[in-house]
K.L.:
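Take a look at this one; I'll ask things after.
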Protein chains: 2
Amino acid sequence: MSPSTFDKIIDAAMTIVRDQGVARLTLDEAARIAGISKGGVLYHFKSKDDLIRGMVQRLIDQCDQLSRDYYERMPDGPYRWARTMVHAGFDPSGVAFDPVGGALLAAISVNPDLMAPIQAMYDSWSERLKSDSPDMERAGLICTAMDGLYFQRLMGIKLCDSEASERLKQHALDLLR
Amino acid sequence: MSPSTFDKIIDAAMTIVRDQGVARLTLDEAARIAGISKGGVLYHFKSKDDLIRGMVQRLIDQCDQLSRDYYERMPDGPYRWARTMVHAGFDPSGVAFDPVGGALLAAISVNPDLMAPIQAMYDSWSERLKSDSPDMERAGLICTAMDGLYFQRLMGIKLCDSEASERLKQHALDLLR
DNA sequence: TTTGCTATACCGTCCAGCCGGTACAGTAAT
DNA sequence: ATTACTGTACCGGCTGGACGGTATAGCAAA
């Protein structure tokens, strides 16, 4: 089934942020990319903030989906959730490598209230980690490093190149056994 | 000696970003806070991007200063630079806790070119780490976790509370010996 | 004909950058 | 010492464009 207009608008907004940066995210442009009029956009989203809310939700859903997929394929044992996070964090096709997330968060930094759902997501992750990590500090440190990796990608920064990145992943996994 | 007008403008811009968010950073407001006119601002900074460039440079200088200070006080031995980063990253009075950095970076995400100096800073950090880390993966992982912490603070997210944060710091240092 | 959805036109506001000025300090030739 | 000129620092009004949001009309399916 073809995506609903609602989804098409979010897709368009994502594309704009990814390709042109947050500052270029306007209702007019989103409408243009989505192939509808501004009125159409404002029918589905009461305001620009509302549109950003929708984008955040989309991001959360993607994260959730990815981590669940990896979790299922992960062998059981201690640190199962932490190991899941490491693998998900290094998946080049996952959200972790999608620049849209960062630009989105940048947009949110303008209106911090819109971060609430993200905080909720972190809370649930925290619960998951607690449930199967023999050493919560260890798990927290590794997962925080995954956030650091994400941050570096967002900012277009690299502390290490791609093959060093692979060694980093292995090192992180070694610490989780 | 009292700060030059140049510095006063950057101070004003920093204050705005810290207190009101990136979106509120305008030339008029910066001029108002700095106590001069918009024309004055545009005399010292050719454009708004130029002003942001100045802010980035200020941020880099602060980081550099802080890390040098900590390095000198750090006992010699393996991972000296990595240990420095951990201590600096957890210093509540350091740049790592100054929301201005994050908001600034958010502003930069609008114009990724302005990130170039930051990349240069990371390159030099990378060199420093290499110089005294027996295991570069270990050092890189820990420092990346510091970035993750910074990211979480920027986004108003907490994966762990403050006392857990102290344990995290200790755990990171334990891994560097 | 009502409801769901989209299009068009328009308004008010905000803001970056421009530009014509002012004030003043140095400097140097008369 | 006066005059004429130059460069630096700063002022503040203006404008053109962008953008969020509103109002209203069209239109097709149920």
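This one's a predicted model, so the numbers in the text were calculated from it and none came from an experiment. Numbers restart at 1 for each chain; the letters A, B, ... are given by sequence-line order, proteins then strands. Side chains are part of it too, since the values below use all heavy atoms of this structure and drop only hydrogens, waters and symmetry mates.
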K.L.:
Looking at the side chain of A/Ile36, which of D/dT8, C/dA7, C/dC15 is the nearest nucleotide?
P.N.:
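For the A/Ile36 side chain, the nearest candidate turns out to be C/dA7.
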K.L.:
State which of C/dT6, D/dA9, C/dC15 makes the closest approach to the side chain of B/Thr26.
P.N.:
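That would be C/dC15.
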K.L.:
Measure the distance from CD on B/Glu29 to C1' on C/dT13 and round it to the nearest whole Å.
P.N.:
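In whole Å, C/dT13 C1' lies 16 Å from B/Glu29 CD.
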K.L.:
Can you tell me how far the CD atom of A/Gln170 sits from the CZ atom of A/Phe90, to the nearest 0.5 Å?
P.N.:
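Here the rounded value is 10.0 Å.
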K.L.:
Grab the CG-P distance between A/Asp28 and D/dA18 for me, whole Å please.
P.N.:
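In whole Å, D/dA18 P and A/Asp28 CG are 10 Å from each other.
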K.L.:
Expressed in angstrom and rounded to an integer, what is the separation of B/Arg32 atom CZ from D/dG12 atom C1'?
P.N.:
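These atoms are roughly 16 Å apart.
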K.L.:
Parallel, tilted or perpendicular for B/Tyr150 and A/Phe151, by the 30°/60° rule?
P.N.:
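If you compare the ring of B/Tyr150 with that of A/Phe151, the planes turn out perpendicular.
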K.L.:
For D/dT8, does OP1 or OP2 lie under 4.0 Å from any side-chain N or O of B/His44?
P.N.:
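So the side-chain polar atoms of B/His44 never come under 4.0 Å of the phosphate oxygens OP1 or OP2 of D/dT8.
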K.L.:
Could you state the CD1-C1' distance from B/Ile9 to D/dC10, rounded to the nearest angstrom?
P.N.:
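Taking atom C1' of D/dC10 as the reference, CD1 of B/Ile9 is at 10 Å.
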K.L.:
Checking B/Ser126 side chain against B/Tyr122 main chain: does a donor-acceptor pair fall under 3.5 Å?
P.N.:
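Here the side-chain-to-backbone pair does not exist.
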K.L.:
Would you say B/Gln65 and B/Asp69 are linked by a side-chain donor-acceptor pair, where the criterion is simply a distance under 3.5 Å?
P.N.:
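B/Gln65 and B/Asp69 do have a side-chain donor-acceptor pair below 3.5 Å.
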K.L.:
Could you work out which one of D/dA9, D/dG20, C/dT8 sits closest to the side chain of A/Leu27?
P.N.:
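The answer is D/dG20, which lies nearest to the side chain.
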K.L.:
Roughly how many Å is it from NZ in B/Lys48 to C1' in C/dC15, rounded to a whole number?
P.N.:
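From B/Lys48 NZ to C/dC15 C1': 8 Å.
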K.L.:
Is the A/Phe6 ring parallel, tilted or perpendicular to the A/His44 ring (thresholds 30°, 60°)?
P.N.:
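Aromatic pair A/Phe6/A/His44 classed perpendicular.
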K.L.:
Can you figure out which of D/dC10, C/dG4, C/dG17 approaches the side chain of A/Tyr43 most closely?
P.N.:
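The listed nucleotide nearest to A/Tyr43's side chain is C/dG4.
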K.L.:
Output the rounded distance in Å from CZ (B/Phe45) to P (C/dC18).
P.N.:
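About 16 Å, once rounded to whole Å.
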K.L.:
For B/Leu42 and A/Leu25, find the nucleotide of DNA chain D closest to each by heavy atoms; which residue's nucleotide sits nearer the 5' end?
P.N.:
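Mapping each residue to its closest nucleotide by heavy atoms, the 5'-most match is B/Leu42.
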K.L.:
Between the base of D/dG20 and the side chain of A/Lys38, is there a donor and acceptor pair under 3.5 angstrom?
P.N.:
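Yes, a donor-acceptor pair under 3.5 Å.
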K.L.:
Atom CG of B/Leu51 to atom P of C/dC15: distance rounded to whole Å?
P.N.:
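Whole-Å distance recorded here is 15 Å.
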K.L.:
Would one find a side-chain N or O of B/Thr5 under 4.0 angstrom from OP1 or OP2 of D/dC10?
P.N.:
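Looking at the OP1 and OP2 atoms of D/dC10, one of them is under 4.0 Å from a side-chain N or O of B/Thr5.
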